Each structure stands twice: as C-alpha cells, then as structure tokens.
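Accompanying notes for the structure given below.
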Number of protein chains: 2
Amino acid sequence: MASTIKDVAKMADVSISTVSRVINDSKPVSPEARRRVLHAISVLDYKPNEVARSLVTKKSNIIGVIVSDIGNQYVSQVLRGVEEIGRMYNYDILLSSSYDDPEVEIKFANLFSQKQVEGIIIISEILNQKLLYKLDEFKIPCVVINRFYNVDEAPTVTINNKAASYNMTDYLINMGHKSIGYVAMRKDMDRTNEKYKIRGYRDAMRAAGLKPSTLYCEGLTEADALELFEEHEDDFRKGKYSVLFCSQDLMAVHLMNVMRDHGMEIPEDMSFAGFGGSTLSDIYRPKLTTVKEPYYDIGAVAIRKLFKMLDKKNTDKSEEMILLPVEIIKRQSVVDLNDKK
Amino acid sequence: MASTIKDVAKMADVSISTVSRVINDSKPVSPEARRRVLHAISVLDYKPNEVARSLVTKKSNIIGVIVSDIGNQYVSQVLRGVEEIGRMYNYDILLSSSYDDPEVEIKFANLFSQKQVEGIIIISEILNQKLLYKLDEFKIPCVVINRFYNVDEAPTVTINNKAASYNMTDYLINMGHKSIGYVAMRKDMDRTNEKYKIRGYRDAMRAAGLKPSTLYCEGLTEADALELFEEHEDDFRKGKYSVLFCSQDLMAVHLMNVMRDHGMEIPEDMSFAGFGGSTLSDIYRPKLTTVKEPYYDIGAVAIRKLFKMLDKKNTDKSEEMILLPVEIIKRQSVVDLNDKK
DNA sequence: CTGTTAGCGCGTTCAC
DNA sequence: GTGAACGCGCTAACAG
C-alpha cells in the first residue's frame with residue numbers, strides 16, 4: 001500500500017493539516033516543520049492521492065476527448081495539439097473513440113461526467129445536437145472541432161473553408177488554368193462544410209469570369225475514384241478540364257492513380273490540387289499542391305479555448321467560432337500553363 | 001450541482017445504504033424500496049460520482065497509456081485496439097505523449113499513479129528501464145508494446161520480426177530474385193529489433209545459398225533515401241540488386257521516388273518490399289509488397305494481457321513475450337522473375 | 001504558525 | 001431487509 005498523508009504526518013510528528021499545507025503551499029509553515037515534512041515525504045516516497053484530492057476540491061484536472069476514430073490521421077494530429085497544451089496546464093486527457101455513433105457519444109458524455117472531467121472536446125465528423133444539449137445540461141464546458149459542420153451550440157474551432165477554397169482556386173487560375181473542375185464528396189454535400197468549399201471555388205471562378213463545374217464522387221476509396229473516372233472518362237480525354245481541385249487529398253491521389261492506370265500522364269495531361277495537407281500529399285509523386293490545414297493548431301486552440309471557459313465560467317458564454325488560417329502548398333501536381341505561352 | 005446519493009435517499013425516503021445497494025446490486029432490497037429508489041434516480045437524473053467511488057473501492061477503472069507520439073500512424077492504430085477492448089471492460093484510457101523523452105515518461109508514470117490508474121500500457125520506441133523499474137516499485141501492472149526492443153522486465157506484445165523477415169525474404173527468392181539487398185536503419189541497429197529482422201533476412205538468404213547484403217540508411221526522410229541512393233548509385237545502375245527489402249515501408253517509398261527521379265523504372269529496374277503494412281503501401285504505385293503488422297491486434301492483446309494481470313495479481317507473474325502473426329501482402333512492387341524465363 | 005474538526009460522495013460493516 | 005456509523009485520503013475552515 002502506498003503511504004498516505006497520515007503516514008507522513010506521523011513520521012514528521014505534525015498534523016495532517018501541516019502536511020497538506022506544505023504540499024499545496026497554501027499557508028505559511030515554520031521552516032522546521034516544513035523540513036521535517038519534506039523529509040518524511042521523500043523517505044516514504046509519498047505522493048498525494050489525486051482521487052481523494054479531486055473529491056474535495058472538485059477539480060479532476062482531466063479533460064475528456066471524444067473522437068470519431070483515433071486511427072484517423074486527421075484526428076490524431078489534432079489530438080496532438082490538444083494533448084500537448086493540456087499537459088502544459090497540468091491536465092490529463094481521457095480519450096474515447098465513438099466511431100461516429102451518436103448514441104455512443106452520449107454514453108461517453110455520461111461516463112466522463114461521472115468521472116468528473118472538467119471539460120470536453122469533441123473531434124467528430126457528425127453533428128450531434130443531442131450530445132451538445134446534454135453537455136449543456138450537465139454544465140460541462142465543451143469545444144467542438146469539426147471539419148465538416150458549423151455548430152452554433154458550442155464554441156467551434158475550424159478553418160475558413162470558403163476562403164481556403166477560394167484562394168486555391170485563385171492560385172490555379174493564376175497558374176493559367178481556365179477549365180478547373182471541382183471534385184466533391186456527394187454524401188457530404190449540403191449538410192457539411194463541403195458546401196463552403198464549393199462556394200469558395202465557385203466564387204473564385206465567377207470572379208475570374210470562368211464557368212464552375214463540379215464532379216461528384218461517392219466516397220474516398222479507390223473504387224469510388226475509378227467510378228468517377230469512368231463516368232467522366234470522355235471529358236477527361238477530351239481535355240475538358242486542365243486541373244481537378246479535389247475536396248480531399250486522398251481523393252486526388254486515388255484519381256491520379258486511376259488516370260495513370262488508364263494511360264494518362266500526370267500532371268501533363270491533368271493537374272491536381274487537394275485539400276487537407278496530409279503527409280501523403282508530400283510523399284506522393286508528383287507532390288500534391290494542397291490546402292494545408294493546421295491540425296495541431298486546431299487542437300491547441302480548442303483546448304486553450306476550453307481552459308478559458310473553465311476560468312470564468314459565467315462571463316465567457318460567447319459561443320463563437322474560431323477560424324484558423326490555412327496555407328496553400330504549391331507543389332508539382334499543378335503545371336504552370338503560363339510557361340507554355 | 002449534480003444530485004448525490006443523499007438526494008436520492010431523501011427523495012426515496014430510504015437510507016443511503018439502500019440506494020447504494022440498488023445501484024450496485026450488492027445486497028437484497030425489498031421490491032418496494034427498490035422501486036422508489038429507481039424512481040428517484042430517474043427523476044433526479046442521478047449518476048454516481050466515480051471519483052468518490054474510486055476513493056472507497058480503490059478501483060479507478062482507468063488504464064494509463066504512455067505513447068511516444070500520438071500523431072504517429074503506428075501508435076494511433078495500436079491505440080485503437082487498446083481503446084476498443086478497454087471499453088468492452090468498462091475501462092477508460094488516460095493518454096499522454098512522451099515524445100520519447102525518458103524523463104517525461106517517468107513524470108507521467110508518477111502522475112498516473114497519483115490518479116490511481118490500475119495499469120499502464122507503454123507504446124514507445126525507446127526502452128526505458130528506469131520507467132519499468134519505477135512501475136514495478138509502484139506495483140502498477142504494465143504491458144509494453146514496442147516495435148523495436150525486446151523487454152524482459154515486463155510482458156511485451158510484438159511480432160516475430162525474425163520470422164516475418166525470413167518469410168518475406170523467402171517469398172522474394174521464390175519470385176526468382178537472387179540478388180536481394182536489405183535496407184536497414186543504421187541508428188536502430190544493435191539496440192533494436194532491427195537486428196532480428198536482419199537476422200531473418202540473412203538466415204533465409206543463406207538457407208537458399210545466396211549472399212546477404214545490407215545497405216544502411218541514416219533515417220526515414222527523403223533526404224536520407226537520396227543519400228543512400230547516391231552512395232550506391234553505381235551498384236543500382238549495374239543491377240547489383242534486383243530487389244530491395246526495406247525495413248520500413250516509408251523508406252521503400254522514398255527510395256522508389258528517388259530512383260524514379262533518377263530515371264529508373266520501378267518495379268522494372270528494381271523491385272521493392274517493405275515492412276509495416278502502412279496505408280501508404282496500398283496507395284502508392286506500384287502498390288508495395290510488404291509485411292503487414294497487426295497493429296490493432298497488438299493493442300487489443302496488450303490490454304487483454306493487462307486485464308489478466310489485474311485479475312490475479314499474484315499468480316500471473318509471467319513476464320512473457322507475446323508474438324503475433326504477420327501477413328505478407330503480395331503486390332505489384334515485386335516483379336516475378338520466374339515469368340521471364 | 002498549528003492542530004482539531006468537518007466534510008467531499010460513496011461503499012461497507014454491524015447491529016437492529 | 002434496513003439504517004446508523006465509520007472511513008477512503010484529502011482540503012478547508014475554525015479556533016487556538
């Protein structure tokens with residue numbers, strides 16, 4: 001059995017209050033007593049029981065994080081930021097993967113509240129209103145990180161999808177491209193931030209007097225890419241598009257693969273731009289021009305926001321949305337048509 | 001303020017003991033009393049405070065996981081297994097990234113022990129004897145997951161690196177390759193499991209009457225790959241090797257990139273095999289033949305082992321090593337030389 | 001400066 | 001079957 005505050009008190013021949021005082025440095029203690037306590041602590045290798053402490057102080061120093069899937073690259077990058085900043089403030093992370101099941105998320109919220117977490121961060125693709133409602137009911141502060149949805153019920157950290165998409169499109173135009181196709185996920189349309197990305201693309205095209213054209217893809221698998229390719233093969237061969245701007249890096253890579261499999265040269269026959277800034281975009285050849293999302297920063301900002309809410313629980317009720325800047329990474333997957341003139 | 005057991009007792013007009021009994025189903029309670037308690041619980045939306053509970057039962061239902069870097073693909077895949085199985089047993093995961101700093105790992109071990117975690121899983125590249133010693137001192141059960149080191153001080157879950165490497169080499173030989181080069185990380189040699197991989201390769205080569213040849217690479221970056229290429233360019237051009245078996249997928253991919261950049265055709269001029277089974281290996285073209293490590297299973301088995309240790313703390317002191325089977329994934333990066341005959 | 005006391009919320013004797 | 005009382009390990013008044 002580990003030693004308790006009592007053991008220390010006994011050995012140092014003081015009361016437990018005095019021990020508590022030197023541990024927390026909460027009240028003045030005579031040098032002599034402090035010395036004896038410190039000595040006893042080191043001899044007994046005493047470490048305060050945080051559970052008992054939490055019970056009385058009502059501070060667990062734990063943040064609950066509910067993610068869709070920890071195995072997801074995007075999620076783990078964000079989590080990195082959350083974890084590191086949390087650590088700076090002496091907070092631990094209680095982690096759970098919901099696999100995007102709303103009911104499971106609610107179950108976790110319950111569990112976490114029972115474990116007395118002080119706040120919760122949600123990294124999820126789905127929008128779980130019921131969960132937010134529940135958290136509000138529990139009075140547990142909460143910050144949402146979501147690539148897809150805009151949430152009004154809680155502070156959210158994300159990027160300005162529309163501006164990012166606008167800027168990338170603008171860049172492509174500056175590279176001399178006029179026939180720019182946008183590849184979007186069909187299943188994510190309407191309900192998600194995808195629509196903001198598309199809007200940015202369309203706005204940029206129209207501002208340049210060009211005609212936007214969107215292709216829809218069912219999912220993120222290679223098969224989905226193949227399907228999209230076959231559907232539009234004629235257009236691709238005829239050179240209807242000089243570049244495809246894909247709403248996700250992975251889709252761009254799959255499409256490049258498929259086109260190559262069908263004898264097209266990349267980027268000569270078709271330029272590509274992605275969205276995300278995944279490590280894959282840097283490893284693949286040609287290196288993919290893409291919109292780099294600041295994953296780490298998103299996590300870091302989110303937990304900082306959470307701490308702020310913890311501080312002044314009453315005042316800062318601003319359920320704002322924090323938008324982080326993105327970076328357009330210019331690589332070889334986009335050919336400069338200006339050179340050809 | 002959330003309601004407590006007292007509130008429930010008051011409303012149900014029973015003592016807190018009775019409430020506790022129906023919650024834990026620990027002792028018989030009259031149907032009538034139970035009904036009233038249940039009703040009060042639902043009305044008050046009462047949920048037991050797990051912190052208070054832990055304090056008295058000495059069971060936190062929390063497992064601490066110390067990882068090198070949660071942003072690492074390998075780590076997050078393993079964590080998935082840990083998390084999911086942990087959940088099945090109603091355990092939560094307290095997560096922290098050490099970034100491979102031994103001192104930080106020890107700090108976490110202390111923190112975790114103060115938070116009364118019941119066990120700890122370590123997913124790290126480094127071998128931290130001091131940490132293991134400390135955990136032993138705390139009497140906190142611990143399982144180690146390590147791709148590189150063999151640990152004797154605690155149960156370890158890993159794969160049979162030597163056998164895996166042997167089998168892959170054997171496969172390459174069967175594909176008609178005779179001049180098989182092995183690419184290893186220099187910095188990981190000797191101290192790590194890398195040596196087992198090399199041994200497997202060498203044994204397989206010798207068993208087939210072939211001469212092993214190892215090339216050393218400094219690290220995992222593209223620059224490292226380039227350096228290795230330049231160092232051995234002559235050999236590569238002269239066809240000294242028909243295939244390179246790389247100790248990590250990423251290195252294989254970087255090397256393929258570099259060789260292509262220098263005008264070589266892959267896999268025509270050089271076949272490639274990797275180790276890891278990363279998602280990248282399936283996305284890259286040509287798809288990479290590789291040894292697929294069962295990341296999820298490794299995590300799942302590790303936490304199961306931990307639970308076993310928690311069960312019968314005294315009996316199961318076996319500090320064994322659990323080896324999981326791997327799979328050789330045959331893809332297009334290795335050409336079949338037998339066809340050419 | 002210090003020790004005594006009263007809880008925090010809950011599980012668990014031990015009498016009734 | 002049930003409730004009163006104690007204690008888990010600790011912090012926070014409260015007197016002194």
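Computation of the quantities below employed the complete heavy-atom set of this structure, encompassing side-chain atoms and omitting hydrogens, waters and symmetry-equivalent molecules. Being a predicted model, the structure only gives us computed values, none of them experimental. Below, chain A is the first sequence line, B the second, and so on; all start at residue 1.
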Looking at Ser17(B), does any N or O in its side chain come under 4.0 Å of the phosphate oxygens OP1/OP2 on dG3(D)?
-> no

Can you find a pair of side-chain heavy atoms, one from Ile145(B) and one from Tyr74(B), that are under 4.5 Å apart?
-> yes

Here the distance between atom P of dT4(C) and atom CD1 of Ile16(A), to the nearest Å, is 10 Å

Once you round it to whole Å, what is the distance between C1' of dG9(C) and CG of Asp7(B)?
-> 11 Å

Mapping Val29(A) and Ser20(B) to their closest nucleotides on DNA chain C, which lands nearer the 5' end?
-> Val29(A)

Walking DNA chain D from its 5' end, the first of Ser15(B) and Leu55(A) to be reached, judged by nearest nucleotide, is Ser15(B)

Using atom NZ of Lys6(A) as one end and atom C1' of dT4(C) as the other, report the distance to the nearest whole Å.
-> 14 Å

When the distance from CD of Glu50(B) to C1' of dG9(C) is rounded to whole Å, what number comes out?
-> 11 Å

For atom CZ of Arg36(A) and atom P of dG3(C), their distance in whole Å = 8 Å

Can you check the Asn24(A) CG to dC1(C) C1' distance for me, whole Å?
-> 17 Å

Using a cut-off of less than 4.0 Å, is there contact between a side-chain N or O of Thr4(A) and OP1 or OP2 of dG9(D)?
-> no

Is a side-chain donor or acceptor of Thr57(A) paired with a backbone partner of Arg53(A) at a separation under 3.5 angstrom?
-> yes

Can a donor-acceptor pair be found between the side chains of Tyr91(A) and Glu118(A) at a distance below 3.5 Å?
-> yes

Answer yes or no: does a side-chain N or O of Arg53(B) lie under 4.0 Å from OP1 or OP2 of dG11(C)?
-> yes

When you check the side-chain N and O atoms of Gln116(A) and Ser60(A), is any donor under 3.5 Å from an acceptor?
-> no

Distance check: side-chain N/O of Thr18(A) vs OP1/OP2 of dG3(C), anything under 4.0 Å?
-> yes

Let me know the distance between NZ of Lys10(B) and P of dG3(D), rounded to the nearest Å.
-> 15 Å

Within less than 4.0 Å of OP1 or OP2 of dC10(D), is there a side-chain N or O belonging to Asn49(A)?
-> no

Distance, rounded to the nearest Å, where Arg21(B) contributes CZ and dT12(C) contributes C1' = 8 Å

With sugar-phosphate meaning primed atoms plus P, OP1 and OP2, does Val14(B) contact a base, only sugar-phosphate, or nothing at under 4.0 Å between heavy atoms?
-> sugar-phosphate

Determine: side-chain N/O of Lys58(A) to OP1/OP2 of dG9(C), distance under 4.0 Å, yes or no.
-> yes

Side-chain heavy-atom pair Pro48(A), Gln114(B) within 4.5 angstrom cut-off | yes

By nearest-nucleotide position on DNA chain D, the 5'-leaning member of Pro28(B) and Ala2(A) is Pro28(B)

Kindly say if Ser30(B) contacts the phosphate of dT2(D), meaning a side-chain N or O under 4.0 Å from OP1 or OP2.
-> yes

